Number of protein chains: 2
Amino acid sequence: MPQPPDDPLGQLPGYALRRAAQAMMAELSQRLAPLDLRISDASVLMLVAARRDMTSSEIGKALDIQRANMVPLLNRLEGAGLIRREPIDRKSQAIVLSDAGLARLEQVRAITTRFEDDLLARIPAQHRPHFVPALQALLD
Amino acid sequence: MPQPPDDPLGQLPGYALRRAAQAMMAELSQRLAPLDLRISDASVLMLVAARRDMTSSEIGKALDIQRANMVPLLNRLEGAGLIRREPIDRKSQAIVLSDAGLARLEQVRAITTRFEDDLLARIPAQHRPHFVPALQALLD
DNA sequence: GCGATATTGCTCTTCCGAATAGCAAAATTT
DNA sequence: AAATTTTGCTATTCGGAAGAGCAATATCGC
């Protein structure tokens, strides 16, 4: 990621945010590739483990993924045997982790906690505690 | 952008970074839409104004856009009459702003400086000075 | 209870950004 | 002069995200 001194864009918060997110996601994707999971797959696994029996729409709301786009995502996870769809009533279904899903989740956790540590480590100590709060302030 | 208290992901720097960047870009896109420009279009205009006579590949390197993807982008800008391609030698061409491009750039500047101000304003004052430095640390 | 309304899960389609492979012409290196 | 690199491009693919629309079902107001 070159940062030429005469780059007039590098100082702009919006531009820096975009580039940083881009670089971060490229690296996380690579680290998750051995598990055969995309970033959104991993997010879903983590979420359904933390809050059991969520419906597809609830997951979508929490992760800001549209209903329509949840379908292929969950199909993929179900096809890989990581989740199951269990009927709640005749309309809704709960998404639950299978045993294989739980096992995969453990691998995901290992990779992501390592990843998040590495990420934070690259931020100079004096800026570090401000990083997540600043980002969260942008999400209200 | 909901941030439920029992969201196990919201605290993760990587996840927060992704979501913040997503939200930011969605909003910037909207603000640029009246100018009929995408975010990358605007970046290119700003860059070619600051460093004149750059070639397509140089722009790509600076903005981290691949050669192949620069082509339709520049075609679009050229089609809109905002830039011209001027031959340097028989292989390379300089990208230069047209008069219309310069005028459009002024509008871009108005929108982006306003946007960047608004963005920073949403970050609490004690975190604000740490924001861009932290992001830049992730880009090395 | 019933009718209007909202929600759920889905299909199909489109768009954008990004990536890859390949290519011809021209420049640069040695 | 030959080998290598660079430039600009075509063509294709992929992933994430968005939109419109739909049938079945659940929920709310009365």
Side-chain angles (χ1 to χ4, degrees), chain A residues 1 14-15 17-30 32-33 36-44 48 53-79 83-96, chain B residues 1 14-15 17-30 32-33 36-44 48 53-79 83-96:
Chain A
M1 301 290 139
Y15 186 76
L17 179 56
R18 178 158 87 111
R19 290 290 294 270
Q22 232 173 248
M24 177 277 293
M25 287 179 58
E27 169 151 1
L28 180 54
S29 288
Q30 276 199 346
L32 286 175
D36 214 24
L37 292 175
R38 305 178 190 171
I39 294 182
S40 5
D41 297 343
S43 323
V44 169
V48 301
D53 288 8
M54 299 182 73
T55 67
S56 166
S57 344
E58 285 170 338
I59 299 173
K61 261 171 221 146
L63 298 183
D64 210 32
I65 303 175
Q66 300 205 264
R67 261 172 333 171
N69 298 326
M70 287 297 299
V71 180
L73 198 167
L74 292 180
N75 283 347
R76 201 164 0 116
L77 292 179
E78 192 177 34
I83 60 161
R84 258 167 317 167
R85 289 167 156 112
E86 292 188 350
I88 293 180
D89 51 34
R90 271 181 304 178
K91 189 171 61 162
S92 307
Q93 5 186 322
I95 307 297
V96 298
Chain B
M1 304 291 139
Y15 186 77
L17 178 56
R18 176 158 88 111
R19 290 290 293 272
Q22 234 173 248
M24 177 275 295
M25 287 180 58
E27 169 152 1
L28 180 54
S29 288
Q30 277 199 349
L32 286 176
D36 214 24
L37 291 176
R38 304 177 191 173
I39 295 182
S40 6
D41 298 342
S43 322
V44 168
V48 301
D53 287 9
M54 300 181 72
T55 67
S56 167
S57 345
E58 285 170 339
I59 299 172
K61 261 171 220 146
L63 298 183
D64 210 31
I65 302 175
Q66 300 203 259
R67 272 195 326 264
N69 298 326
M70 288 296 301
V71 180
L73 198 168
L74 292 181
N75 283 346
R76 209 175 24 217
L77 293 179
E78 191 177 36
I83 60 162
R84 257 168 321 183
R85 288 168 156 110
E86 293 188 347
I88 293 180
D89 50 35
R90 270 181 305 176
K91 188 170 64 161
S92 307
Q93 6 185 333
I95 306 298
V96 299

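Every value quoted in this text rests on a predicted model; they were computed, and no experiment measured them.
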I need the CD-P distance between A:Q30 and C:dA18, as an integer number of Å.
16 Å
Any A:S57 side-chain nitrogen or oxygen under 4.0 Å from OP1 or OP2 of C:dG9:
yes
Atom CG of A:D53 to atom P of C:dT8: distance rounded to whole Å?
15 Å
Sorted by chain and number, sequence neighbours left out, side-chain contact (heavy atoms from CB on, under 4.5 Å) with B:E27 holds for B:R31, B:F115, B:R122
Would you name the heavy atoms of A:G60 and A:M70 that are closest together and state the gap between them?
CA-SD, 3.9 Å
Looking at every non-hydrogen atom in both residues, tell me the closest pair between A:G14 and B:M24 and how far apart they are.
O-CE, 3.0 Å
Considering all heavy atoms, the nearest B:I59-B:V44 contact:
CG2-CG2, 4.1 Å
Rounded distance (Å) that lies between atom C1' of D:dG8 and atom CD of B:E86:
17 Å
Pairing residues for B:N75 by the side chain to side chain donor-acceptor pair (under 3.5 Å) criterion, not counting sequence neighbours:
B:R85
Length of the CD-P vector between A:Q93 and C:dT8, whole Å:
12 Å
Take the C1' atoms of the five end pairs on each side of the helix from C:dG1-D:dC30 to C:dT30-D:dA1, get both axes, and report the angle to 10 degrees.
50°
Atom CD1 in A:I65, atom OG in A:S43: separation rounded to 0.5 Å?
6.5 Å
Whole Å only: how far is the CD atom of A:E58 from the P atom of C:dG9?
8 Å
Any side-chain N or O of B:K61 less than 4.0 Å from the OP1 or OP2 oxygen of D:dT6?
no
Mind checking what makes salt bridge (charged side-chain N to carboxylate O under 4.0 Å, His left out) contact with A:R76, not counting sequence neighbours?
A:D41
Protein-nucleic acid N or O pairs under 3.5 Å, nucleotides 23-25 of chain C:
none

Just jot down the side-chain contact (heavy atoms from CB on, under 4.5 Å) partners of A:S92, sequence neighbours excluded, or say none.
A:T55, A:I88, A:D89
OP1 or OP2 of C:dT7 versus the side-chain N and O atoms of A:S92: is any pair under 4.0 Å?
no
Tell me every residue that passes side-chain contact (heavy atoms from CB on, under 4.5 Å) with A:R67, counting only those two or more places apart in sequence or in another chain.
A:S57
Which protein N or O atoms sit under 3.5 Å from an N or O of nucleotides 12-19 of chain D?
residue	atom	partner	partner atom	Å
D:dG15	OP1	A:R38	NH2	3.1
D:dG16	OP1	A:S40	OG	3.4
D:dG16	OP2	A:R38	NH1	2.7
D:dA17	OP1	B:Q22	OE1	2.9
D:dA18	N7	A:N69	OD1	3.2
D:dA18	N7	A:N69	ND2	3.0
D:dA18	N6	A:N69	OD1	3.2

Using atom CG of A:L74 as one end and atom P of C:dT11 as the other, report the distance to the nearest whole Å.
12 Å
Partners meeting side-chain contact (heavy atoms from CB on, under 4.5 Å) with A:E86 (sequence neighbours left out):
A:R84, A:V96
Starting at CE of A:M70 and ending at C1' of C:dT11, how long is that distance when rounded to a whole Å?
16 Å
Crowded around A:D36 CG? As in, over 12 foreign heavy atoms under 6.0 Å?
no
Can you tell me how far P of C:dA26 sits from CD1 of B:I88, to the nearest Å?
16 Å
